[in-house]
Amino acid sequence: MKKPVVTRFAPSPTGFLHIGSARTALFNWVFARKHEGKMLLRIEDTDRVRSTKEATQALLDGLSWLGLDWDDEPISQFSRAARHAEIAHQLVAAGKAYKCYCSPEELTEMRETARAEGRPPRYDGRWRERDAGQAPPGVAPVIRIKAPQNGEIIVSDLVQGNVTFRAQNLDDFILLRSDGSPTYLLAVVVDDHDMDITHVIRGDDHLTNAARQSLIYRAMGWQEPQMAHIPLIHGPDGAKLSKRHGALGVDAYRKMGYLPEALRNYLARLGWAHGDDEYFTTGQMVEWFELADVNKGASRFDFVKLANLNGRHIREADPEYLFAAMRDLAGELEREHDRKGLVAHRNSVISALPDLQPRAKTVLELIDLAQFIYATRPLGMDEKAAGQLNEQTRSMISDVIGSLERIEDWNAENINTAVREFAGKKELKLGKVAQPLRAALTGKTVSPGVFEVMALLGKTESLARLGDQAL
RNA sequence: GCUCCCUUCGUCUAGCGGUCCAGGACGCCGCCCUCUCACGGCGGAAACACGGGUUCGAGUCCCGUAGGGAGCACCA
């Protein structure tokens with residue numbers, strides 16, 4: 001019987017869920033779901049200064065919004081410090097690790113001479129075989145692993161393939177600091193082991209750590225989990241993702257009006273492909289996902305493509321769902337006028353949405369497009385709309401009102417017929433009539449079809465808005 | 001500097017030795033639809049980093065060069 005898959009997402013609480021971490025979380029989640037396993041959450045909160053309760057909560061909120069749920073209770077790495085230390089001491093007792101009494105000054109000196117001689121800066125193992133009896137008085141030691149001095153360490157990685165490191169390039173790194181706290185390398189291994197993690201899926205910035213961590217597994221005689229180091233995301237200029245390009249928290253994407261399903265879709269497409277499929281649901285993603293199909297190279301973050309994908313998800317989305325997203329976003333952005341307008345005209349907005357959806361790439365744009373519905377008379381005109389209205393078009397509007405008033409069954413089709421008849425009689429192209437009407441009805445030059453707009457607004461409101469601009 | 005990884009249109013990618021004068025998507029350009037803007041449809045420009053091998057045959061395998069990235073802490 002195969003062991004059930006257990007993955008983990010192990011972020012440090014920096015105050016928000018970074019977009020790159022979000023993708024790592026997504027891959028862990030998809031993989032676990034695909035194999036009907038678990039995704040555990042471990043908060044790497046050993047840095048006590050940064051690890052506030054709020055920062056952790058922000059992380060959980062980000063995951064929840066993205067729709068990535070986790071199994072069991074999140075584990076605090078810090079809370080396991082005693083267990084980490086226990087393992088370090090066990091390793092010393094077993095002769096697989098040792099105490100080192102070097103002072104920070106000695107280490108700095110070691111690094112500097114190594115660098116000067118063109119060697120990699122690494123610890124020279126001077127306490128490796130020395131007796132503890134020679135320890136200088138009053139110095140608290142660190143515990144270092146006794147790393148093999150020759151041979152190869154092969155990290156067999158589901159994404160990167162077999163990556164070989166020469167043992168001589170790895171030094172006796174520290175497991176336990178002189179204050180008794182564990183280093184990251186130790187903590188991760190012990191936690192992953194204790195949590196029964198079967199697959200470690202993380203950013204490839206950890207690839208060299210994998211070799212070091214492998215040493216700890218060996219020393220303990222523990223079975224190593226499967227490794228999968230996924231490539232990082234770069235900014236549009238190919239450099240590391242920075243604040244300037246897209247290294248934002250997922251909350252920032254929410255505020256820009258992206259849908260979580262679109263973000264999942266886009267993030268998955270960055271470095272992973274299933275043939276030529278570009279647009280897919282999360283269910284398909286779970287069905288199709290294979291670590292073997294993850295690319296090795298980093299990819300650049302492209303907002304334009306994200307927007308395109310978001311537009312497609314908006315087009316396919318259910319109006320009720322989108323309405324909720326619009327209302328919530330208006331609330332979050334403290335756009336009270338929009339929030340109230342949306343809520344007050346809920347039904348009109350929902351029935352207008354099928355006309356709005358193909359025109360929007362973000363939820364923000366959806367809100368802007370819906371504004372004409374709850375705009376109050378007399379409507380404000382944007383610059384271009386104002387340009388549509390002059391003496392001539394205003395008097396035309398009053399003529400149109402006459403034709404429209406006679407419509408008994410107020411629907412788009414009848415309005416269409418009436419306006420076309422009017423244009424025909426006046427020998428005007430439809431556009432010459434429709435554009436000024438649009439301006440008067442919506443205050444903008446861009447909107448769904450004017451007939452649909454009038455049908456949506458109702459006869460009374462439509463005629464009143466037209467009347468406001470008529471001469 | 002050292003270690004490791006990467007390199008197909010501007011970008012994301014398909015390609016797993018012949019079916020590739022390299023396919024899709026975004027973006028861009030043109031046309032169509034059309035009351036505006038979108039959506040949609042049709043068409044177009046646009047790439048195997050370079051140099052050596054291996055092979056009957058290389059985008060696909062190997063080596064080198066160049067370029068890019070990541071990692072080298074008593075950080076995580």
Side-chain angles (χ1 to χ4, degrees), chain A residues 10-12 14 44-47 50 77 100 102 104 107-108 111 114-122 140-144 155 157 159-161 163-166 168-171 173-179 181-185 187-188 203-212 229 231-232 234 236 238-240 266 269-279 292 295-302 304-309 311-312 315 355-361 365 369 384 388 416 419-420 423 429-439 442 444-451:
Chain A
S12 41
T14 48
E44 312 237 304
D45 53 356
T46 50
D47 180 341
R50 283 193 293 176
Q77 185 159 71
C100 162
C102 282
L107 293 172
T108 313
R111 272 194 293 272
R115 197 172 289 261
E117 291 168 19
R119 290 181 291 113
R122 44 182 291 258
V142 300
I143 292 180
R144 289 181 181 272
V155 175
D157 192 282
V159 171
Q160 307 288 336
V163 183
T164 308
F165 295 89
R166 277 201 297 261
Q168 53 184 289
N169 292 317
L170 267 30
D171 65 352
F173 56 89
I174 294 175
L175 299 174
L176 205 65
R177 288 189 270 263
S178 52
D179 66 358
S181 66
T183 59
Y184 169 76
L185 257 14
V188 166
D204 71 9
D205 49 338
H206 286 287
L207 191 57
T208 48
N209 285 335
R212 287 178 235 278
H229 288 90
L232 269 16
H234 287 167
K240 200 173 171 180
Y266 179 68
R269 277 294 287 116
L270 235 39
W272 172 76
H274 178 262
D276 284 336
D277 294 303
E278 299 284 345
Y279 172 87
N295 290 155
K296 293 183 182 181
S299 44
R300 306 182 187 202
F301 196 94
D302 182 2
V304 179
K305 185 140 185 181
L306 203 212
N308 171 271
L309 234 27
R312 290 175 72 163
R315 269 171 257 151
D355 282 324
L356 269 26
Q357 281 164 262
R359 293 166 220 272
K361 291 212 181 335
E365 289 176 17
L369 286 166
K384 285 181 185 165
Q388 284 291 334
N416 189 335
V419 174
R420 280 182 199 277
K429 280 192 145 184
L430 188 56
K432 292 288 179 196
V433 181
Q435 275 306 85
L437 289 182
R438 184 189 322 282
T442 68
K444 299 177 183 185
T445 52
V446 173
S447 80
V450 281
F451 313 130

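Just so it is clear: chains get the letters A, B, ... in the order the sequence lines come, proteins before strands, and each one is counted from 1.
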Select base, sugar-phosphate, or nothing to describe what A:Val163 touches, counting heavy atoms under 4.0 Å on all strands.
sugar-phosphate
Of all residues at least two apart in sequence or in a different chain, which pass the salt bridge (charged side-chain N to carboxylate O under 4.0 Å, His left out) check with A:Lys305?
A:Glu278
Which nucleotide, if any, forms a Watson-Crick or G-U wobble pair with B:rG27, using both distances under 3.5 Å?
none
To the nearest Å, how far apart are A:Arg359 CZ and B:rC35 P?
13 Å
Tell me: NZ of A:Lys296 to C1' of B:rC16, nearest whole Å?
12 Å
Under 4.0 Å, counting only non-hydrogen atoms across every strand here, what does A:Lys432 touch: a base, just sugar-phosphate, or nothing?
nothing
Any strand counts, and the cut-off is 3.5 Å on both contacts for Watson-Crick or G-U wobble. Which nucleotide pairs with B:rC4?
B:rG69
Using the C1' atoms only, state how far B:rA14 lies from B:rU60, rounded to an integer number of Å.
13 Å
Looking at every strand, decide which applies to A:Ser299 at a 4.0 Å heavy-atom threshold: base, sugar-phosphate, or nothing.
sugar-phosphate
Applying a 3.5 Å limit to both distances, which nucleotide forms a Watson-Crick or G-U wobble pair with B:rC9?
none
P spacing across the pair B:rU65 / B:rC2, given as an integer number of angstrom
12 Å
Listed by chain and number, what are the salt bridge (charged side-chain N to carboxylate O under 4.0 Å, His left out) partners of A:Asp47, not counting sequence neighbours?
A:Arg50
Scan A:Gly203 against the nucleic acid and name what it touches under 4.0 Å (heavy atoms): base, sugar-phosphate only, or nothing.
nothing
Protein N or O to nucleotides 22-24 of chain B N or O, pairs below 3.5 Å:
unit_1	atom_1	unit_2	atom_2	d
B:rG23	N2	A:Asp276	OD1	2.7
B:rG24	N2	A:Glu278	OE2	2.5

Separation of the C1' atoms in B:rC9 and B:rG23, to the nearest angstrom
12 Å
Listed partners of A:Ala298 passing side-chain contact (heavy atoms from CB on, under 4.5 Å), at least two apart:
A:His234
Between A:Trp272 (CH2) and B:rG15 (P), how many Å, whole number?
12 Å
If I take atom CZ in residue A:Arg166 and atom C1' in nucleotide B:rC5, what distance separates them, rounded to the nearest angstrom?
16 Å
Non-neighbouring partners of A:Ile174 that pass side-chain contact (heavy atoms from CB on, under 4.5 Å), sequence neighbours left out:
A:Val142, A:Arg144, A:Thr183
When the P atoms of B:rC26 and B:rA70 are considered, how many whole Å apart are they?
30 Å
Produce the list of close N/O pairs, under 3.5 Å, pairing protein atoms with atoms of nucleotides 40-45 of chain B; give distances to one decimal.
unit_1	atom_1	unit_2	atom_2	d
B:rG40	OP1	A:Arg315	NH1	3.1

Re B:rA38: Watson-Crick or G-U wobble partner, both distances kept under 3.5 Å, found to be none
Say you pick atom C1' in B:rC16 and the same atom in B:rC61; how far apart are they, in whole Å?
11 Å
Under the side-chain contact (heavy atoms from CB on, under 4.5 Å) rule, collect the residues that match up with A:Gln435, sequence neighbours excluded.
A:Gln388, A:Arg438, A:Thr445
Applying a 4.0 Å non-hydrogen cut-off, can you work out what A:Pro231 is touching in the nucleic acid: base, sugar-phosphate, or nothing?
nothing
Nearest-Å distance once atom P is located in both B:rG41 and B:rC63:
45 Å
For atom P, what is the distance between B:rA45 and B:rA25, given to the nearest Å?
15 Å
Would you mind building the protein contact string for nucleotides 68-76 of chain B? One character per nucleotide, 5' to 3', B for base within reach (heavy atoms under 4.0 Å), S for sugar-phosphate only, - for untouched.
-SSSSSBSB
Whole-Å distance between B:rU7 P and A:Arg300 CZ?
14 Å
Rounding to a whole Å, what distance do you find between A:Gln435:CD and B:rU34:P?
16 Å
Restricting to ring-ring contact (aromatic ring centres under 6.0 Å, His included), what partner residues turn up for A:Tyr184, sequence neighbours left out?
A:His206
Categorize A:Phe451 for me: base, sugar-phosphate, or nothing, with a 4.0 angstrom heavy-atom threshold over every strand shown.
base
Let me know the distance between CG of A:Asp302 and P of B:rC28, rounded to the nearest Å.
11 Å
If the condition is salt bridge (charged side-chain N to carboxylate O under 4.0 Å, His left out), which residues does A:Asp355 pass it with, not counting sequence neighbours?
none
If you assign each of A:Val446 and A:Leu270 to its closest nucleotide in RNA chain B, which residue comes earlier from the 5' end?
A:Leu270
Could you list all N or O pairs between the protein and nucleotides 62-65 of chain B that sit under 3.5 Å apart?
none

Could you tell me which nucleotide pairs with B:rU54 by Watson-Crick or G-U wobble geometry, both distances under 3.5 Å, or answer none if nothing does?
none
5'-most contact on RNA chain B: A:Arg438 or A:Ala273, nearest heavy atom basis?
A:Ala273
Determine the interatomic distance between C1' on B:rA47 and the same-named atom on B:rG52; round to the nearest Å.
22 Å
The criterion is side-chain contact (heavy atoms from CB on, under 4.5 Å); which residues satisfy it with A:Asp276, sequence neighbours excluded?
none
